[in-house]
Amino acid sequence: MSGLRDRSRRTGRWAGLLASGMVMLLAGLSVLATGDARAASGAGHGKRASSAAMSQVAAMQPGWNLGNSLDAIGDDETSWGNPRITETLLDNVRAQGFNSIRIPVTWSRHQGPAPDHALEAEYLDRVEEVVDWALADGFHVMINIHHDSWQWIADMPADRAGVLARYNAIWEQLAGTFRDHPSRLVFESVNEPQFNGGQDDARNAELLDELNTSFHRIVRRSGGGNADRLLVLPTLHTSAEQARVDELADTIDALGDPRVAATVHYYGYWPFSVNVAGGTRFDATAQKDLTDAFDRVHDTFVARGVPVILGEYGLLGFDRHTGTIQQGEKLKFFEHLGYHARIRNITTMLWDNGQHFRRTDFRWNDPELFARIRSSWRTRSGTASSDQVFSARGDAVTDKTLTLNLNGTSFTGLRHGSTALVCGRDYTLRGDRLTITAAALTRLSGSRAYGTNAVLHARFSRGVPWRIDLVTHDTPVLRDATGTTDSFAVPTEFRGDRLATMEARYADGTNAGPHDWTPYKEFDRAFAPDYAGGATTLTSDFFAEVRDGARVTLTFHYWSGAKVTYHVTKSGDSVTGTTA
């Protein structure tokens, strides 16, 4: 992934589908496709004996991506803001429990002209140095051709011979350099392959087949350890759509090589993944998108003896920051992803561009998230309908109920720090309904200052506990403001609440702003809360797609359930905001 270029390609495709009202149709088709794949087991893509490849890919679980370093497209590996890679970093990543590391590499700025297309010796040595450190740590290591995919490989339709010659030259040099490296070194042909010139699926499938087949031939003919090294081939866009996995399955069948694996990427159901179109929750639709994707690659590949590596996974909203998706919903996504990948025998490799595991002090930015991910490698964890319980300060405290998602576990108790709360007094449990009593909420909330007053943990028979924040709030208060399209902020007293999403409509009820097929705008791209500064900002991207002189009614939705409306009007570069 790495950055906004890849994201824009994904989101543009999703937005078009949603705008045309095709989501439900696609969901139905995916079910039919999955069912057809299952029914056709053994009839289409033949099962191959590949126990060695399956065993190696299983041994690679779990994996981690060294993103935004050697794949950066600037002058060197620090150009996208990460520090220079060190042995100590890799040692510490290994200590987190990862068994494999994907080292994305972009070669474009380090490759000479035709006809030789020679790789810069110093850069190739640096890549080999990092690979050798990782191998010495005991990692399985995967290297590839990364952002070259959209920088110049995408031009293959217009320059087939030129692109293929350059691509082949890279793999000829890499095959020679790493010919005698241990079998724990794995080659991936290309990251997220894509081609310019429209959505001609047959043509694109043919071009990717040519790249994958050429890669396979070059590596195998180089001999040495490459004669049976594990080779990883992607689908087009590394998509898990049935047509894309079928295309790759055809290539793999034609190769007839038992030491080949397939790879796809998964960044979630797009509205949830970026928090747009009201996709604030990891709901049944988002869950089905995940399970359908993993079922398809399992039925097409794993069930027929071809191992699958989920070469990247995460949420696209993380391109901005991890707070784009609400914490509890985020945790449910990663818990479910780890579980379903595990039961489908798919090896996972977390995409980390530096925002998860810190590369200087070797700590997790979000330890709670990593604990959830790590637990999912082995077992399930219980969750709940929310990780927030809101009580309005302006009202009397009442009992509050959450629905537990047991995920095959059993509830064992509720704790406040080291203190076990008392069933029957502090809470009740009826089936999957956990109710915290008004008496307990009153006691634990103390003076009831706005914000989180206490943190509870629901514990289960296995996995990690589920955190529950007890939050005191009142309905947020907005105030009039003026500003510009480049700098506009709604003065906001959040009063303990948290912003979930924002609607934008014109007076006639039509949708305003970007993504005009939905009234719900994209979190942190059209709007963003500034809790410390007491403001809600509206971005220049939002105003760029708002009609001049037309009043827009904004509806802010908060996690407590509160809704507050506000009006903005753009006049040239000026913006006026008024309370409803």
Side-chain angles (χ1 to χ4, degrees), residues 1-20 22 26 67-68 70-74 79-80 104-115 117 119 144-172 174 188-216 218 232-248 250-251 262-267 270 273-274 311-312 316 319 351 514-515:
M1 191 176 78
S2 295
L4 305 182
R5 299 172 184 84
D6 300 285
R7 180 182 188 278
S8 64
R9 288 179 169 85
R10 287 191 184 90
T11 57
R13 200 156 53 100
W14 261 108
L17 292 175
L18 289 167
S20 60
M22 293 180 66
L26 288 175
N68 285 25
L70 290 168
D71 56 315
I73 62 174
S79 63
W80 278 2
V105 186
T106 299
W107 303 94
S108 56
R109 290 176 65 97
H110 307 281
Q111 186 179 20
H117 296 295
L119 295 178
N144 69 358
I145 295 176
H146 203 75
H147 289 304
D148 307 80
S149 61
W150 57 264
Q151 287 185 303
W152 55 271
I153 293 174
D155 295 330
M156 194 172 177
D159 184 17
R160 194 161 183 161
V163 167
L164 188 61
R166 186 175 178 182
Y167 173 86
N168 288 349
I170 293 176
W171 278 116
E172 286 165 359
L174 296 182
E188 175 190 19
S189 65
V190 61
N191 172 71
E192 297 184 351
Q194 54 201 273
F195 300 102
N196 297 330
Q199 298 298 315
D200 185 336
D201 290 341
R203 179 208 65 176
N204 293 342
E206 178 184 297
L207 294 173
L208 180 56
D209 175 77
E210 187 168 9
L211 290 176
N212 280 334
T213 301
S214 186
F215 158 74
H216 178 270
I218 289 166
V232 180
L233 307 181
T235 60
L236 187 67
H237 304 291
T238 50
S239 165
E241 294 172 359
Q242 191 63 54
R244 307 290 79 81
V245 298
D246 283 341
E247 291 159 359
L248 180 60
D250 288 340
T251 295
T263 187
V264 297
H265 295 173
Y266 189 74
Y267 284 97
W270 183 66
S273 187
V274 301
E312 296 181 14
L316 290 174
D319 278 353
W351 178 257
H515 301 319

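The basis for the numbers below is simple: all heavy atoms, side chains too, and nothing from hydrogens, waters or symmetry mates.
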Practice problem: Please report the C-alpha distance between Val190 and Asn144 in whole Å, then the side-chain angles of each, then the deciding distance to 0.1 Å, and finally whether the side chain to side chain contact (heavy atoms under 4.5 Å, CB included) criterion is met. | Solution: CA-CA 6 Å; Val190 61; Asn144 69 358; over 6 Å; no
Looking only at atom types and distance, does a side-chain atom of [X] sit under 3.5 Å from a main-chain N or O of [Y], one as donor and one as acceptor?
X	Y	answer
Gln194	Glu192	yes
Thr106	His147	yes
Asp71	Asn68	yes
Asp159	Gly162	yes
Ser79	Gly74	yes
Thr263	Pro234	no

Quiz item: Sequence neighbours excluded, which residues qualify as ring-ring contact (aromatic ring centres under 6.0 Å, His included) partners of His117?
Solution: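 Testing His117 for ring-ring contact (aromatic ring centres under 6.0 Å, His included), a comparison that skips the adjacent residues, returns none.
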Quiz prompt | By ring-ring contact (aromatic ring centres under 6.0 Å, His included) - contacts of Phe195 (at least two apart) | solution =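 In terms of ring-ring contact (aromatic ring centres under 6.0 Å, His included), with neighbours along the sequence ignored, Phe195 is linked to no residue.
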Exercise. With side-chain hydrogen bond (donor to acceptor under 3.5 Å, both in side chains) as the test, would you mind laying out the steps for Glu312 and Tyr266 before giving the verdict?
Key: CA-CA 6 Å; Glu312 296 181 14; Tyr266 189 74; over 6 Å; no
Quiz prompt | Gap between atom CD of Glu241 and atom CG of Leu236 - 0.5 Å precision | solution =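 One finds 9.0 Å between CG of Leu236 and CD of Glu241.
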Quiz prompt | Interatomic spacing from CH2 in Trp107 to CD1 in Ile73 - rounded to 0.5 Å | solution =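 Between atom CH2 of Trp107 and atom CD1 of Ile73 there are 16.0 Å.
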Quiz item: Mind checking what makes side chain to side chain contact (heavy atoms under 4.5 Å, CB included) contact with Thr213, not counting sequence neighbours?
Solution: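 Result, side chain to side chain contact (heavy atoms under 4.5 Å, CB included) vs Thr213: Asp209, Arg217, Thr251, Leu255.
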side-chain hydrogen bond (donor to acceptor under 3.5 Å, both in side chains) with [X]: which residues, sequence neighbours excluded?
X	answer
Ser189	Asn212
Asp155	Asn196
Trp171	none
Arg109	Asp75

Practice problem: For Asp200, check salt bridge (Lys or Arg N to Asp or Glu O under 4.0 Å) against everything at least two apart and list the hits. | Solution: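 Per chain and number, Asp200 pairs via salt bridge (Lys or Arg N to Asp or Glu O under 4.0 Å) with no residue.
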Self-check item: Partner residues of Glu206 under the salt bridge (Lys or Arg N to Asp or Glu O under 4.0 Å) criterion, sequence neighbours left out
Solution: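 Counting only residues at least two positions away or on another chain, Glu206 forms a salt bridge (Lys or Arg N to Asp or Glu O under 4.0 Å) with Arg160.
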Self-check item: Pair Gln242, Asp246: side-chain N/O donor-acceptor within cut-off below 3.5 Å
Solution: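 There is such a pair (donor and acceptor under 3.5 Å, judged by atom type) between the side chains of Gln242 and Asp246.
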Practice problem: Mind running side chain to side chain contact (heavy atoms under 4.5 Å, CB included) on His110 and Leu119 for me, showing each step along the way? | Solution: CA-CA 6 Å; His110 307 281; Leu119 295 178; 5.7 Å; no
Self-check item: Val264 and Arg244: CA distance, side-chain angles, deciding distance, side chain to side chain contact (heavy atoms under 4.5 Å, CB included) verdict
Solution: CA-CA 10 Å; Val264 297; Arg244 307 290 79 81; over 6 Å; no
Self-check item: Check against side chain to side chain contact (heavy atoms under 4.5 Å, CB included), His146 and Ser108
Solution: CA-CA 9 Å; His146 203 75; Ser108 56; over 6 Å; no
